[in-house]
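All remarks here apply to the structure that follows.
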Amino acid sequence: MPELPEVETVRRGLEPALVGAHIDRVVLNRKDLRFPFPERFVARLEGQEVIALGRRAKYLLADLAGGEVLAMHLGMTGRFTIIKPVCAGPDGGLTEPGGFYYTAATRGAHDHVCFELSTGHRIVYNDARRFGFMVLLARSELDSHPLFRGLGVEPLGNELDGALLARLFAGKAAPLKAALLDQRLVAGLGNIYVSEALHRAGLSPQRAAGTLAGRTGKPTRGADRLAGAIRDVLAEAVAAGGSTLRDYRQTDGALGYFQHRFRVYDREGEPCPTPACRGVIARSVQSGRSTFHCAVCQR
DNA sequence: ACTGGATCCTGCCTGC
DNA sequence: TGCAGGCAGGATCCAG
């Protein structure tokens, strides 16, 4: 479920295990994800120390001591799991505090990559649909790399406000839904949070994006509301993800799960949650993707 | 320049 | 119960 908040949640979950550790061994269970793994992928990673774990839009960025960056995109179904070290139990046998081993026998069907760290931790990447991918690139070429060059503004950074949105959307006939999904404008929103942000802002997903730029190019109140709604919904989701992170060892240990309540997403037919609004959440399809909105309070 | 559609892949849910 | 069909949170590419 990786939009920006989920990726940030995964980043925060992985950071303590990954940063400062060396990658002793990398096991690939297949030769590609969405794309083939980079040339000499394993050799370039093994022996490297991870010195930082960052995020840009929906990409995780692991900085390596040698100057390369491991950039990882989770696609639709990518997940990371931390497997804690196995240690000797009271009965003399091997037990594991989190309650599970990671062996060939327990390996999940779509566990494609396993990073074995110097701390004894293993970090497993699982991706059923394989829309995710990993690339290795020099830190110095990050900003000019085709994957990152065109990315738009980071929505939780300081730049995003109504004025910037108005500038980005000026002259665009595309519906707000499509404009917000465009990673070249605002980077990190996905199908869920676009619906959520538009509902909070009281803006119809069908409305032309350019109408938020006013006639003089000045931001409208709608643009200000939308910028605020984007920041609020993402920040709340990140906070919700973080609040459940302490439990990451239970069940299958997958990072990035959280119980965030969506106000409109997947709530077709339910009453609109806006106070005093008598509307009902409708589902529609825009450029092949589900949109959820209330026609009464979103204009 | 913008837009909609097809596409990659697997799993799950629905309806017949 | 079985199975076909549709749908899924991403992002790119292509035709129009």
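Here is the naming used below: chain letters follow the sequence lines, and residue numbers restart at 1 for every chain.
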Do S204(A) and Q298(A) meet the criterion of a side-chain donor-acceptor pair at a distance under 3.5 Å?
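S204(A) vs Q298(A): no donor-acceptor pair found between side chains.
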
Using only side-chain N and O atoms of [X], determine if any of them is under 4.0 Å from OP1 or OP2 of [N].
X       : N       : result
H110(A) : dC9(B)  : no
T77(A)  : dG11(B) : no
Y193(A) : dG9(C)  : no

Residue from I230(A), V233(A), L165(A) passing side-chain contact (heavy atoms from CB on, under 4.5 Å) with P155(A)
I230(A)

With both distances under 3.5 Å as the test, what is the Watson-Crick or G-U wobble partner of dC9(B)?
none

Across all strands, who's sitting opposite dG9(C) as a Watson-Crick or G-U wobble pair, both distances under 3.5 Å?
none

Taking NZ, NE, NH1 and NH2 as the nitrogens, is one of them in [X] or [Y] under 4.0 Å from a carboxylate oxygen of the other?
X       : Y       : result
E15(A)  : R11(A)  : yes
R263(A) : E270(A) : no
R139(A) : D63(A)  : yes
E6(A)   : K58(A)  : no

I'd like the [atom1] distance from [M] over to [N], given in whole Å.
N      : M       : atom1 : answer
dT3(B) : dG9(C)  : C1'   : 22 Å
dG6(C) : dA6(B)  : P     : 12 Å
dA1(B) : dA11(C) : P     : 23 Å

Dump the pairs, protein N or O against N or O of nucleotides 3-6 of chain C, anything under 3.5 Å, distances to one decimal.
none

Check every strand shown and say whether A173(A) touches a base, only sugar-phosphate, or nothing at a heavy-atom separation below 4.0 Å.
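The residue A173(A) makes sugar-phosphate contact but no base contact.
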
So R184(A), base contact, sugar-phosphate only, or nothing? Heavy-atom distance under 4.0 Å.
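R184(A): no heavy atom of the nucleic acid under 4.0 Å.
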
Please confirm whether the backbone N or O of G188(A) pairs with a side-chain atom of E3(A), one donor and one acceptor, at under 3.5 Å?
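No: the side chain of E3(A) does not pair with the backbone of G188(A).
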
From [atom1] of [X] over to [atom2] of [N], roughly how many Å is that when rounded to an integer?
X       : N       : atom1 : atom2 : result
R130(A) : dG11(B) : CZ    : C1'   : 13 Å
K172(A) : dA1(B)  : NZ    : P     : 10 Å
Q206(A) : dT3(B)  : CD    : P     : 14 Å
F169(A) : dC2(B)  : CZ    : P     : 13 Å
R267(A) : dG9(C)  : CZ    : P     : 16 Å

Identify, with sequence neighbours excluded, every residue that meets ring pair (Phe, Tyr, Trp, His ring centres under 6.0 Å) alongside F292(A).
Y265(A)

What do you reckon, is CZ of R30(A) surrounded by more than 12 foreign heavy atoms closer than 6.0 Å?
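Enclosed: over 12 neighbouring heavy atoms sit under 6.0 Å from CZ of R30(A).
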
Along nucleotides 10-16 of chain C, 5' to 3', which nucleotides get a B, which get an S, and which get a -, given that the test is a protein heavy-atom distance under 4.0 Å?
BBS----

Taking all non-hydrogen atoms of both residues, which atom of R283(A) and which atom of V285(A) are closest, and how far apart?
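Taking every non-hydrogen atom into account, NH1-CG2, 3.9 Å.
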
Mapping G288(A) and G171(A) to their closest nucleotides on DNA chain B, which lands nearer the 5' end?
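Counting from the 5' end, the first nearest nucleotide belongs to G171(A).
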
